[in-house]
Every structure is written in C-alpha cells, then in structure tokens.
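Let me begin by presenting the structure, written as structure tokens, before commenting on it.
Labels below follow one simple rule: chain letters A, B, ... track the order of the sequence lines, proteins then strands, and each chain is numbered from 1. Bear in mind that the values here come from a model prediction, so they are computed numbers and not experimental data. The analysis underlying the following values was restricted to heavy atoms, covering all of them including side chains, and did not include hydrogens, waters or symmetry mates.
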Protein chains: 2
Amino acid sequence: MPYSNDALLQLASDVRMTSQLLSRRIRFESASEVAPHQFSVLVKVWKQPRTPGELAELERVSPPSMTRTVNCLVDAGYLTRQADPSDGRQRVLTLTDAGAALVEKTIHDRDDWMLRRLEGLTDAERADLARAVEILARVLEK
Amino acid sequence: MPYSNDALLQLASDVRMTSQLLSRRIRFESASEVAPHQFSVLVKVWKQPRTPGELAELERVSPPSMTRTVNCLVDAGYLTRQADPSDGRQRVLTLTDAGAALVEKTIHDRDDWMLRRLEGLTDAERADLARAVEILARVLEK
DNA sequence: TATTGTTATACTCTATAACTATA
DNA sequence: TATAGTTATAGAGTATAACAATA
C-alpha cells in the first residue's frame, strides 16, 4: 500500500517529534559539566582543530560570542589556543587532555543512557532502528 | 544473528547521534519568530493551559525565569494571564489567537521541512522509519 | 505556616560596532 | 583595502534571595 500525502506528512511529523523528544531527553538526563553551547564547541574541536571563526559559523553565533565562549573554555582548561604559522591572524584551537576526557566521558554517558533504553528490544526491533538510522543519515546528507 | 554488546552500543550511539543531528537541523533550518525557549513554552500552553509554576518545572528553569519569559510572551501578544477562580494564588496562562497561529505555523514549517526530506524514499524505507518511530516512542515512555 | 508568583539583584550569553594585527 | 580576532557596550535569559498574596 503506497503512502498517501497525508500519511507521509504524518510520518514526517512523527519522525520530527520523536527526534526532538529523544534529543531533549538526552540533553537533560546526561548533562555535561559545561553548558550545552560550550559542550557543542568542545565536540567540534574534538573532531578536528578549529579556528574561532569556523566555530562561530558552525554554531551560528557571532564571532564576539565565540570569543567569549572560547575564553571560558580556555580558562577552564579544556581548550588551548595556538598561533597558525601560515597566517598570523588566525588562532587554532585544540583540546587539552582534560577537554578530550570531558567530551569522551559525556559521549560515553549519553551512549550508555541510550544503550540501557535499547536493551529490552528484540533483535528485529534493533534491526529496524539500524535501518532507520541509515535512512535518516542518508536523508540528512542532502 | 543476535546483537553483541558492542553492536548494541554502536547502535545506541548511532541512534543518539542521528537524533541529535536531526533535531539540530530542524531547530536551525526552520526557526520560529520567538526564541527557542519561548517557543517551547508556547507549545506547552498550546497543548493545554498551564500555570507559571508548571511551566517552570516542565522547562527546568526557575520560577523567576519563567515569570520573565511569560512576561515577554504576554507583551508580545502570544499569551494571556487569567485568574484561577479556585486558587487566587495561581494564574492560568492560555494562548491568544496569535500565539496559536505562531505555534501551528512553526510546527507546519518544520513538518514540511521533514516531509521534503522523506519524499524521495521508497515505501519500504518509509515503513522502516514508521516502525523505528513506534519503537523509540515506546522506549521513551519508560 | 506553606505555597504561588513576582520583584531585586547579579552574572552569563548574545549581538552590533569599533578596534588591533596581519594579509 | 580586506580579513581574523578581540574589546566595548548594551540587551536579554538565568539564578538565588527577598517579598506579597493566598491557602
């Protein structure tokens, strides 16, 4: 039975609401030691070193806001600033050991929270989730 | 083939990351006219009228913060305060027509954004997503 | 006396505009 | 002259503590 427009809209709404609810629960139930916007920056730098300007664009905040956020994270010992030898204007940010540890611990806690919620599922249900994840990842690439 | 512990942890991580990525995209790509925390309050009141105290608890903010947020939304014409006849201390908040219109327009925009991303999928893929939504909704009830 | 909500005050996050250093 | 980043300043969100009104 092919999907009608109404059924597809309903599915879109269900996917959106479930994702937002799950995301909210993850944020609330395994909070990091730093504020959410600060943690988001740490994760970006954890994936790869970044300049303040790149981070401001990725986080959709102004450069001055990112300067302040970065200052806090440097003061807290999670980030370090390094001069870029190829362009004296830029300053590359990297994680300290404490910063990497914080990111990895928080990610582990969140994955563990999610894991406990998937433990009671059947293998068929887990396979459904795996397929859905693959589909959504593909959809979000566009 | 039954799921190993490692495979289940990987699945948990994939589900978590996909949900957070999707949620972030929705938030960024179809922003409301009011700030996110304000919109969240409007949605709560849209579902049912609420007192400031209930909203503070639902949103995990302090009562004074909620007072301020509610003041902004009342001033902007999205909420109205009404006295509770059964308890003079409480003040029940309800949406104005403009508030309801804003909530419904934003929800529609977000669902439409999601819909456009699901349009290219096969019926089998859509059915996978529908099953995944049902599974996650069940998991989140606990 | 306990509860609901608001006001007082201080701190943090955000933005725009202005400034410094480098390209 | 343009770009990367920071500082200056102001506006908005948040919290704790104190207060007002009601139960």
Side-chain angles (χ1 to χ4, degrees), chain A residues 24 27-29 31-45 48-95 99 102 106, chain B residues 24 27-29 31-45 48-95 99 102 106:
Chain A
R24 185 183 170 90
R27 212 168 58 243
F28 277 137
E29 305 208 15
S32 167
E33 290 168 38
V34 298
H37 72 285
Q38 294 176 331
F39 184 72
S40 184
V41 166
L42 291 182
V43 171
K44 298 290 186 304
V45 177
Q48 67 178 91
R50 294 285 193 182
T51 65
E54 288 171 339
L55 291 171
E57 188 174 359
L58 286 167
E59 298 297 313
R60 269 88 156 176
V61 297
S62 65
S65 293
M66 188 50 65
T67 292
R68 177 182 271 273
T69 298
V70 166
N71 282 342
C72 286
L73 293 170
V74 169
D75 291 346
Y78 296 127
L79 283 184
T80 54
R81 267 185 263 252
Q82 296 178 322
D84 182 340
S86 69
D87 185 340
R89 294 171 304 182
Q90 296 198 100
R91 310 180 71 176
V92 180
L93 301 164
T94 54
L95 285 187
L102 177 61
T106 304
Chain B
R24 184 182 170 89
R27 212 169 58 243
F28 278 141
E29 304 208 16
S32 167
E33 290 168 39
V34 298
H37 73 285
Q38 294 176 332
F39 183 73
S40 184
V41 166
L42 290 182
V43 171
K44 298 290 186 304
V45 176
Q48 66 178 92
R50 295 286 193 182
T51 65
E54 288 171 338
L55 290 172
E57 188 173 358
L58 287 168
E59 298 297 314
R60 269 89 155 179
V61 298
S62 65
S65 293
M66 188 50 65
T67 292
R68 178 185 270 271
T69 298
V70 166
N71 281 343
C72 286
L73 293 170
V74 169
D75 290 348
Y78 295 127
L79 284 183
T80 54
R81 267 185 263 253
Q82 295 177 323
D84 182 340
S86 67
D87 186 339
R89 295 171 303 182
Q90 298 198 98
R91 310 179 71 177
V92 180
L93 301 164
T94 54
L95 286 186
L102 177 61
T106 304

Touch check for [X], heavy atoms < 4.0 angstrom, all strands: base, sugar-phosphate only, or nothing?
X: A:Arg91; answer: sugar-phosphate
X: A:Pro64; answer: base
X: B:Gln38; answer: sugar-phosphate

Between [X] and [N], is there a side-chain N or O to OP1/OP2 distance below 4.0 Å?
X: A:Thr69; N: C:dT12; result: no
X: B:Ser65; N: D:dA15; result: yes
X: B:Thr67; N: C:dG5; result: no

Mind calculating the distance between [atom1] ([X]) and [atom2] ([N]) to the nearest angstrom?
X: A:Asp87; N: C:dT22; atom1: CG; atom2: C1'; answer: 7 Å
X: B:Leu93; N: C:dT6; atom1: CG; atom2: C1'; answer: 13 Å
X: B:Leu55; N: D:dG13; atom1: CG; atom2: P; answer: 15 Å
X: A:Phe39; N: C:dC13; atom1: CZ; atom2: C1'; answer: 19 Å
X: B:Asp84; N: C:dG5; atom1: CG; atom2: C1'; answer: 13 Å
X: A:Asp75; N: D:dT6; atom1: CG; atom2: P; answer: 12 Å
X: B:Arg50; N: C:dG5; atom1: CZ; atom2: C1'; answer: 17 Å
X: A:Gln90; N: D:dG5; atom1: CD; atom2: P; answer: 5 Å

(request) Assign each of A:Val61 and A:Gly88 to its nearest nucleotide of DNA chain C by heavy atoms, then name whichever residue's nucleotide is nearer the 5' end. (result)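 The residue whose closest nucleotide sits nearer the 5' end is A:Val61.
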(message) Tell me whether B:Thr67 contacts the main-chain N or O of B:Pro63 through its side chain, where contact means a donor paired with an acceptor under 3.5 Å.
(response)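 Yes; judged by distance alone, with no hydrogens or angles, the pair exists.
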(request) Please check if the side chain of B:Ser40 supplies one atom and the backbone of B:Pro36 the other of a donor-acceptor pair under 3.5 Å. (result)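 Checking the backbone N and O of B:Pro36 against the side chain of B:Ser40, no donor-acceptor pair under 3.5 Å is found.
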(request) Supply the atom-to-atom distance B:Arg68 CZ to B:Asn71 CG, rounded to the nearest 0.5 angstrom. (result)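 That separation rounds to 8.5 Å.
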(request) Enter the distance from B:Lys44:NZ to B:Leu93:CG here, rounded to the nearest 0.5 Å. (result)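 CG of B:Leu93 is found 13.5 Å from NZ of B:Lys44.
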Minimum-distance nucleotide (side-chain atoms of [X] versus [options]):
X: B:Arg89; options: D:dT16, C:dT3, C:dT14; value: C:dT3
X: A:Arg68; options: C:dC13, D:dT7, C:dA15; value: C:dC13
X: A:His37; options: C:dA15, C:dC13, D:dT16; value: C:dC13
X: B:Cys72; options: C:dC13, D:dG13, D:dG5; value: D:dG13

(message) For A:Arg50, run the side-chain contact (heavy atoms from CB on, under 4.5 Å) check against A:Val41, A:Leu58, A:Leu79 and tell me which one passes.
(response)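 In the set A:Val41, A:Leu58, A:Leu79, the residue that makes a side-chain contact (heavy atoms from CB on, under 4.5 Å) with A:Arg50 is A:Leu58.
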